[in-house]
Amino acid sequence: MFGTSTAFPLLTVTAAVPAVGAILTAAVPAARRTAAKWLALLVSLATLVLAGIVFVRFEPGGERYQLTESYAWIKDFGVRYELGVDGIGVALIALTALLIPFVILAGWHDADPLETSSKRWRPTQGFFALILMVEAMVILSFEATDVFLFYILFEAMLIPMYFLIGGFGDRAHAGSDENAAAQRSYAAVKFLLYNLVGGLIMLAAVIGLYVVAGNFSLTEIAEARADGSLEIATSTERWLFLGFFFAFAVKAPLWPLHTWLPNAMGEATAPVAVLITAVVDKVGTFAMLRFCLGLFPEASKWATPAIVVLALISIVYGALVAVGQRDIKRLVAYASISHFGFIILGIFAMTSQGQSGATLYMVNHGISTAALMLVAGFLISRRGSRLIADYGGVQKVAPVLAGTFLIGGLATLSLPGLAPFVSEFLVLVGTYARYPVAGVIATTGIVLAALYTLVLYQRTMTGPVKEEVRSLPDLRPRELAVVVPLIAVLIFLGVFPKPLTDVVNPAVRHTMSDVQQKDPQPEVEAAK
């Protein structure tokens with residue numbers, strides 16, 4: 001299960017580069033804001049290169065966990081600094097490293113101080129340092145195979161995210177809304193409280209796991225359970241599963257634990273909103289696969305019917321509420337809740353197609369949401385409003401902006417030829433194979449996605465040109481450098497997903513083996 005350790009600690013270095021870069025960026029003098037931006041961008045590009053090396057060095061047909069590292073950390077409690085990646089972790093590390101440079105470029109001016117005379121205040125340096133710190137923690141969480149180490153990272157990433165939401169809010173309405181700071185503070189505190197409650201419940205489950213297993217090593221516990229040397233009572237396993245799953249469902253977010261997401265995404269800057277839903281929230285769904293199914297297979301099967309129902313509610317509820325939204329960013333937030341419902345549905349469909357589709361959905365949703373939200377952010381920054389009613393006819397004055405917005409929207413509704421279509425199709429096929437009724441209900445999310453996406457485009461981009469948008473400039477070179485590569489990746493993975501599926505599928509087979517599930521065989525009527 002565990003591959004051979006490598007002499008060079010590649011996984012540690014991949015996470016350490018953005019962590020060190022965050023410290024260096026924060027230390028740049030106040031007057032050197034531009035230098036801090038370039039430093040952060042270069043660090044993120046270096047991390048992307050390292051993530052690319054991890055992706056290339058990973059052998060899909062090899063051991064389950066590769067590029068492993070293991071060092072004693074807290075010996076008295078059996079805590080180790082233990083890292084390793086499977087195909088699912090590799091795919092999500094690549095997603096994280098890919099998106100962060102675009103997040104930094106998109107937010108190039110989002111944290112410039114309003115008072116240029118200040119010599120001490122360094123909001124720009126802090127903004128980019130916090131982004132890099134989140135990147136480091138997320139990457140390391142995808143690598144951690146020690147449960148206690150993962151828990152620390154799972155909780156620690158809340159701190160920089162809290163300051164990014166509460167301290168660097170959306171300036172589009174800051175000048176006209178006297179309550180903007182209070183709204184940002186409310187969104188940040190709500191984000192923190194929801195996730196802290198989930199984390200505290202998970203901590204109790206982590207302690208309980210140590211009591212029954214005697215260590216925190218994911219691989220050692222899984223191997224002990226497989227060979228029969230570790231037996232966990234059914235009731236105990238179910239309680240431990242619920243403790244882990246609750247925390248991951250908050251992070252994901254799954255209905256009814258989702259209410260923090262629209263507030264957080266609405267009040268954050270567009271790049272930070274991308275960081276929330278395209279990067280940080282993926283830790284929750286990733287952990288369901290790695291920890292819930294890996295550590296508690298019987299409890300996972302026991303809880304599946306209820307989780308499938310919650311996932312279906314998330315799909316339909318998120319899409320319905322998105323249809324009625326008047327705020328562009330909140331619409332994207334509710335659309336993401338619907339998409340996370342698809343991901344969780346695919347995970348707990350307990351089929352190889354469903355889990356492969358769920359993993360691909362994590363990657364493809366991250367890219368498509370980043371494309372749509374960042375273009376929406378560029379639009380909002382020009383007009384100074386998030387309200388859909390304040391737009392109209394944008395395609396006539398900014399055709400490139402409108403065109404990229406349309407492609408991002410079409411990717412969100414999973415148009416064939418764009419990356420999310422493949423993942424959504426696999427999730428639906430995998431779900432239908434085991435739960436036909438759930439598969440049929442889930443398809444309503446596709447119809448509703450087409451409705452809220454096309455209505456959004458119609459109301460903002462088509463029709464008569466409103467006077468307030470008549471002078472809007474089209475996308476600038478820096479903004480094109482953000483959007484065009486994301487669209488290119490969406491198209492590439494839409495027509496050729498094989499590089500991802502080759503990496504993901506072996507890991508999914510391991511997960512299916514953990515829960516002792518096989519794909520349902522199609523029923524074929526005998527010929528008369």
### Query
Has K466 got its NZ or CZ under 6.0 Å from the middle of the six-membered ring of Y391, at an angle within 45 degrees of the ring axis?
no
### Query
Can you list the residues that meet the ring-ring contact (aromatic ring centres under 6.0 Å, His included) rule with F348, with sequence neighbours excluded?
F245
### Task
Would you mind telling me which of D474, V482, L472, T404 makes a side-chain contact (heavy atoms from CB on, under 4.5 Å) with F378?
V482
### Message
Do Y186 and E267 pair up side chain to side chain, a donor and an acceptor below 3.5 Å, judged on atom types alone?
### Response
no
### Message
Taking G89's backbone N and O only, do any of them form a donor-acceptor pair with E143's side chain (distance below 3.5 Å, no angle check)?
### Response
no
### Query
Does T145 offer a backbone N or O that forms a donor-acceptor pair with the side chain of R290 under 3.5 Å?
no
### Task
Answer yes or no: is there a donor N or O on one side and an acceptor on the other, between the side chain of E135 and the main chain of P18, under 3.5 Å?
no
### Message
Could you measure the distance from the CG atom of L360 to the CD atom of Q353? Nearest 0.5 Å is fine.
### Response
12.0 Å
### Stepwise side-chain contact (heavy atoms from CB on, under 4.5 Å) test for L257 and F246
CA-CA 9 Å; L257 306 171; F246 182 86; 3.8 Å; yes
### Query
If you draw a 6.0 Å radius around CZ in R459, do more than 12 non-hydrogen atoms from other residues or ligands fall strictly inside?
no
### Message
Run Q355 and L293 through side-chain contact (heavy atoms from CB on, under 4.5 Å) and show every step you take.
### Response
CA-CA 11 Å; Q355 292 186 358; L293 273 61; 3.3 Å; yes
### Task
Give a yes or no answer on whether the side chain of S141 reaches the backbone of V138 with a donor-acceptor pair at less than 3.5 Å.
yes
### Query
Taking the side chain as C-beta and beyond, is there a heavy-atom pair between R330 and M265 under 4.5 Å?
no
### Task
Answer yes or no: is there a side-chain heavy-atom contact under 4.5 Å between N505 and S352?
no
#### Entry: Heavy-atom closest pair, residues E479 and R382
OE1-NH2, 2.7 Å
### Query
Tell me, do L130 and F168 make a side-chain contact under 4.5 Å, heavy atoms counted?
yes
### Task
Could you pull out the closest heavy-atom pair between L254 and S314, with the gap in Å?
CD1-OG, 3.3 Å
### Query
Can you say whether the rings of F150 and F286 are parallel (under 30°), tilted (30 to 60°) or perpendicular (over 60°)?
tilted
### Task
Flag yes if more than 12 heavy atoms outside Y457 fall under 6.0 Å of its OH atom; otherwise flag no.
yes
### Message
As a quick check of understanding, evaluate ring-ring contact (aromatic ring centres under 6.0 Å, His included) for F340 and H258, giving each step before the final call.
### Response
CA-CA 10 Å; F340 274 104; H258 66 284; over 10 Å; no
### Query
Would a distance-only check, ignoring hydrogens and angles, find a side-chain to backbone donor-acceptor pair under 3.5 Å from R383 to D390?
yes
### Message
Just verifying a value: how many Å separate L331 CG and I388 CD1, rounded to the nearest 0.5 Å?
### Response
5.5 Å
#### Entry: Exceeds 12 heavy-atom contacts within 6.0 angstrom, atom CZ of R326
no
Can you give the donor-acceptor pairs under 3.5 Å from side chains of residues 438-456 to other protein atoms, not counting sequence neighbours?
residue : atom : partner : partner atom : Å
T443    : OG1  : V440    : O            : 2.4
T444    : OG1  : I441    : O            : 2.6
T453    : OG1  : A449    : O            : 2.8

### Task
Kindly indicate, with the supporting measurements, whether the criterion side-chain contact (heavy atoms from CB on, under 4.5 Å) is fulfilled by L493 and V422.
CA-CA 9 Å; L493 292 179; V422 179; over 6 Å; no
### Query
Can you find a heavy atom in the side chain of M288 that is under 4.5 Å from one in the side chain of S300?
no
#### Entry: Heavy-atom pair of closest approach, residues S385 and L387
OG-N, 3.1 Å
### Message
Looking at T277, is its backbone amide N or carbonyl O close enough to the side chain of K282 to form a donor-acceptor pair, meaning the two atoms are under 3.5 Å apart?
### Response
yes
### Query
Would you say T285 and Y361 make side-chain contact, with heavy atoms under 4.5 Å?
no
### Task
Mind listing the closest non-hydrogen atom pair of L289 and M362 along with its distance?
CD1-CE, 3.7 Å
### Message
Could you report the tightest heavy-atom contact between A273 and A268, atom names first, then the distance?
### Response
N-CB, 4.1 Å
### Task
Quick one: pull up CZ in F421 and OG in S414 and give me the separation to the nearest 0.5 Å.
8.5 Å
### Message
Using modelled atom types and a 3.5 Å cut-off, is there a donor and acceptor pairing between side-chain atoms of R434 and backbone atoms of A349?
### Response
yes
### Candidate pair V375 and L401, rule side-chain contact (heavy atoms from CB on, under 4.5 Å), full reasoning
CA-CA 7 Å; V375 176; L401 188 154; 4.3 Å; yes
Determine all donor-acceptor pairs shorter than 3.5 Å in which one atom belongs to a side chain in residues 193-201; sequence neighbours excluded.
residue : atom : partner : partner atom : Å
Y194    : OH   : T259    : OG1          : 2.7
N195    : ND2  : F191    : O            : 2.7

### Message
Quick check on W239: does its CH2 atom have over 12 non-hydrogen neighbours (other residues, nucleotides or ligands) under 6.0 Å away?
### Response
no
### Message
Which heavy atom of A370 sits nearest to which heavy atom of L99, and what is that distance?
### Response
CB-CD2, 3.9 Å
### Query
Hey, does F244 have a side-chain heavy atom less than 4.5 Å from the side chain of L209?
yes
### Query
If you measure from NE2 on H339 to CG on L345, what distance do you get to the nearest 0.5 Å?
13.5 Å
## Note on the structure
Value for CG (L480) from CG (L475), rounded to nearest 0.5 Å, stands at 5.0 Å
### Task
Please examine the side chains of V321 and Y317, heavy atoms only from C-beta on, and report whether any two atoms are closer than 4.5 Å.
yes
### Query
Is there a side-chain contact between R478 and L105 (heavy atoms, below 4.5 Å)?
yes
### Query
Does R386 use its side chain to pair, donor to acceptor, with the backbone of I380 at less than 3.5 Å?
no
### Summary
Separation between OG (S338) and CD1 (I315), nearest 0.5 Å, reads 6.0 Å
